Amino acid sequence: MTREVSQLSGGDQQKLAVVLALAHQPALIILDEPVSNLDPMTRRDFMRSLFQDEQPFFADALHEHDQDDSNPEYAPTILISSHLLSDLERVVSHIAFMRDGRIQLFEEWDTVLECIRIVPKSLCNLPKSMCIAENREQAVIDLRVLRDQAKNHPESRCNIDEIFSAPAINGLDDLFIALNS
């Protein structure tokens, strides 16, 4: 409290900026690399404080609004842009990957875990229209699309059972690499 903002560490300056932005209780919060200057423990604590169910960062705002009932369930939409993808896996509800200004994939995270697979190209020869993306070695496949369209593409030489039994996405990092290799 006694130091100038310019005297704070980069991480403390970033935390202060977030607190000031949240003080207005906006409906939409856009955070661009919010934890990039923080050490791993502080990154984890920060993300937990924003999204933890038991005591979310916004709990104080909820109690303040209970008095006048103007907005009793303040729960803003939070959009996070980050290269530290592993920090997001525990807190996101939806993900969007962008490349060259275009959305590559936008989906609920639980649906990605359930339905998206990264498979070796040697396992299948699917038309590009059935792949979300592909690189030299892998194809990113939506099992829902495969299920619906595979029977209509007999020219695709692939073992559908092997694709359906392929392991789920390991994490956002693996998906990012597969989409952008």
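Predicted, not measured: the structure shown is a model, and the values here were computed from it.
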side-chain contact (heavy atoms from CB on, under 4.5 Å) between Arg3 and Leu8, intermediate numbers included: CA-CA 7 Å; Arg3 295 191 332 218; Leu8 297 174; 3.2 Å; yes
Stepwise side-chain contact (heavy atoms from CB on, under 4.5 Å) test for Leu88 and Trp109: CA-CA 10 Å; Leu88 301 177; Trp109 177 231; over 6 Å; no
Intermediate values then yes/no, side-chain contact (heavy atoms from CB on, under 4.5 Å), Thr77 and Ile29: CA-CA 6 Å; Thr77 297; Ile29 298 168; over 6 Å; no
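Here the closest non-hydrogen pair linking Val35 and Arg43 is O-CD, 3.2 Å. When all heavy atoms are compared, the tightest approach of Arg99 to Leu179 is NH1-O, 3.6 Å. The two residues Gln13 and Val5 come nearest to each other via the heavy atoms NE2-O, 3.1 Å.
Applying the side-chain contact (heavy atoms from CB on, under 4.5 Å) rule to Phe176 yields the partners Leu85, Phe97, Asn180; only residues at least two apart in sequence or on another chain are considered. For Asp39, the side chain to side chain donor-acceptor pair (under 3.5 Å) partners two or more places apart in sequence, or in a different chain, are Thr42. Residues that satisfy the side chain to side chain donor-acceptor pair (under 3.5 Å) test with Glu33, not counting sequence neighbours, are His83. For Leu20, the side-chain contact (heavy atoms from CB on, under 4.5 Å) test picks out Leu16, with sequence neighbours left out. Applying the side chain to side chain donor-acceptor pair (under 3.5 Å) test to Asp45 and every residue at least two apart in sequence or in another chain returns nothing. Qualifying side-chain contact (heavy atoms from CB on, under 4.5 Å) partners for Ser81, counting only residues two or more places apart in sequence or in other chains: Asp32. Partners of Pro120 by side-chain contact (heavy atoms from CB on, under 4.5 Å), not counting sequence neighbours, listed by chain and number: Ser122, Leu123.
Between Ile80 and Pro34 there is a side-chain heavy-atom pair separated by less than 4.5 Å. Residues Leu105 and Leu175 form a side-chain contact, since some pair of their non-hydrogen atoms from C-beta on lies under 4.5 Å apart. The shortest side-chain heavy-atom distance between Leu31 and Leu79 does not fall under the 4.5 Å cut-off.
Separation of atoms CD1 (Ile118) and CG (Asn135) is listed at 9.0 Å; rounding is to 0.5 Å. Separating the CD1 atom in Ile132 from the CD1 atom in Ile141 is a distance of 8.5 Å, to the nearest 0.5 Å. With values rounded to the nearest 0.5 angstrom, Gln7 atom CD is found 8.5 Å from Thr2 atom OG1. Atom CD1 in Ile78 sits 9.5 Å away from atom OG in Ser93 (nearest 0.5 Å).
One hydrophobic cluster, built from ILVMFWY side chains closer than 4.5 Å, holds both Ile169 and Val91.
For the salt bridge (charged side-chain N to carboxylate O under 4.0 Å, His left out) condition, the pairs that include at least one residue of residues 107-123, sequence neighbours left out, are Glu107-Arg144, Lys121-Glu134. Listed by first and then second residue, the side-chain hydrogen bond (donor to acceptor under 3.5 Å, both in side chains) pairs involving residues 164-177 are Asn170-Asp174 (not counting sequence neighbours).
Grouped with Phe106 in one hydrophobic cluster are Met98, Ile103, the linkage being side-chain heavy-atom contacts under 4.5 Å among Ile, Leu, Val, Met, Phe, Trp and Tyr residues.
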